[in-house]
> 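The structure's right below; bear with me while I get my questions together.
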Amino acid sequence: MPTKLIRSAGSFVLRRDTAIRAHGGAEPAARLLRRYFRKATGFPLPSAEAGTIVLTLDPGMTGLGEEGYSLLVSTHAVLLRAPHPAGLLHGVQSLRQLLATEGGPHLPCVDIRDVPVFPWRGAMLDVARHFMPIGFVRRFVDLLALHKLNVLHLHLTDDQGWRMPIERYPRLTDIGALRTESMIGPSGSPLFDGTPHGGAYTRAELEGLVAYAAELGVTVMPEIEMPGHARAALAAYPELGNFPSRELPVWTSWGVSDALFGVQDRTFDFLQDVLTEVMEVFPSPRIHIGGDECPTVEWRTSPTAAVRIAAEGLSGADALHGWFLRRVGDFLLDHGRQPVCWDDGDLSAGLPPQAAVMIWRDPAHGLSALRRGHEVIMAPFRSTYLDYPQSAEPEEPQGQPDGVVTLHDVYHHQPVPPEWDDRYRAGVLGTQAQLWTEFAPRPRDVEYLAFPRLCALAETSWRGNNDWSGFPARLVRHEQLLSALSVHYRPVGAFSAI
Ligand code: ACM
């Protein structure tokens with residue numbers, strides 16, 4: 001649902017000879033529109049000066065920000081205008097949505113003016129717990145763009161797998177991308193499937209993904225996890241850990257492992273080399289360096305950690321958590337990128353204030369981070385973790401235990417809780433959904449978790465409004481578009497009323 005929509009009678013009918021006219025700078029959006037509409041209608045939609053679908057980049061337009069657009073569909077013309085390219089791309093997605101509403105080559109007549117409230121609207125995809133083929137990741141980017149979500153946060157490394165090749169460290173993917181088997185059921189389960197699992201992208205695939213996403217207006221933010229969630233890297237290079245002579249396999253369990261990166265210079269040299277290559281592949285202004293779930297038990301017994309604590313004048317092993325992230329975060333800042341960290345433990349003494357913090361626990365942690373001067377991205381688990389089942393019905397597939405995140409929960413998520421002082425609003429970049437994949441081994445499982453809950457997050461993060469009335473009916477219509485794209489979504493009202 002756009003910010004402002006006026007529907008009038010009639011429709012614009014696409015024909016075999018309908019053409020597109022794109023003015024200076026609007027050509028990439030025109031190419032995208034042509035791609036979608038050719039596929040849907042079979043019409044060629046060439047470029048022509050006399051075209052009746054007109055796309056215009058007009059930097060003089062005001063009040064539309066970086067991503068807003070205006071779209072006028074009348075019976076004889078379509079006029080899409082925006083001050084910036086991102087707005088045109090969103091307008092193209094609105095046209096794609098409109099084309100699906102009536103069936104046949106008709107666009108209903110509308111007058112739309114549409115501006116998002118939050119600049120960060122995204123989804124995290126965990127390709128470490130289960131590797132997802134690049135073709136699916138590209139398809140997922142297209143589904144994000146369809147919903148005007150503008151960030152894919154790609155969780156590339158974890159205890160259970162390392163998915164990005166790094167030229168200087170071939171064992172990361174030769175060893176770290178493969179595990180012998182996977183746990184069946186939640187953390188602590190005694191059952192394993194006995195089936196090897198692995199996969200890694202090529203650099204060309206990742207570069208291609210970034211370029212494809214850029215055409216759709218989506219930024220791919222990579223995440224390299226540290227200091228915890230690092231067992232795949234430690235399996236490949238044990239000397240990076242706290243006990244260099246210990247051999248740890250790539251983890252086959254779910255949960256939180258005690259194994260962390262060590263704090264020796266060699267480990268930081270490694271991380272800098274990795275992040276240098278990450279920055280080459282991913283132009284994203286922000287790079288995620290993990291930071292969550294960092295039990296410090298190994299640092300309490302490691303002689304190297306003791307030397308580091310003394311040399312840096314730290315209060316103890318717990319303080320190494322923030323110190324570690326600051327050291328790596330400063331490296332990114334020196335290279336012109338903003339580090340992003342999960343909010344966890346007590347990082348208040350560590351992180352550079354320029355780091356953005358991703359709030360995954362209770363929203364109140366967001367306010368503490370804002371008070372310390374950080375920008376925040378709100379991703380609280382109770383409303384944005386789509387790896388929780390979407391209902392308590394017995395038919396629901398296995399998900400993260402001990403919780404349910406319903407469509408309603410996601411729709412009512414407020415990235416800026418109403419009790420927060422208004423002066424903190426500007427520091428909230430926005431919000432994103434989390435698709436952890438311990439219990440989602442296949443692309444179709446991810447789609448089932450994502451849709452329709454991601455539609456709810458997309459609508460509210462764009463509109464900044466949680467008025468549920470009308471949403472279920474819109475969603476039922478939207479299901480037709482999801483079906484046309486063969487998305488494996490959970491139908492509204494499956495198993496039980498929503
Ligand atoms: C997290 O769920 N550990 C970020």
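Note that the numbering runs from 1 along the sequence shown for the chain. Both ligands and their constituent atoms are indexed starting at 1 by order of listing.
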> Suppose I only count heavy atoms of W436 and a 4.0 Å limit; which atoms of ligand 1 are within that range?
1 (C), 2 (O), 4 (C)
> Just to confirm my output: which protein heavy-atom neighbour is closest to atom 3 (N) of ligand 1, and how far is it?
D292 OD2, 2.6 Å
> In Å and rounded to the nearest 0.5 Å, what is the CG to CD1 distance from L172 to I224?
9.0 Å
> Side chain to side chain contact (heavy atoms under 4.5 Å, CB included) with D114: which of R463, K148, H90?
K148
> Give the contacting part of F381 toward ligand 1: side chain, backbone, both or neither, where contact means a heavy-atom distance below 4.0 Å.
neither
> Considering only heavy atoms of Y385, which atoms of ligand 1 have at least one such atom less than 4.0 Å away?
1 (C), 2 (O), 4 (C)
> Below 3.5 angstrom, do we get any N/O pair linking W360 and ligand 1?
no
> With heavy-atom distances below 4.0 Å as the criterion, list the atoms of ligand 1 near E293.
3 (N)
> Please find the pair of heavy atoms, one from A200 and one from E205, that lie closest to each other, and give the distance.
O-OE1, 4.3 Å
> So among Q434, Q432, R286, which one has a side-chain hydrogen bond (donor to acceptor under 3.5 Å, both in side chains) with H153?
Q432
> With a 3.5 Å distance limit and no angle check, can you tell me whether S302 reaches the backbone of A305 through a side-chain donor-acceptor pair?
yes
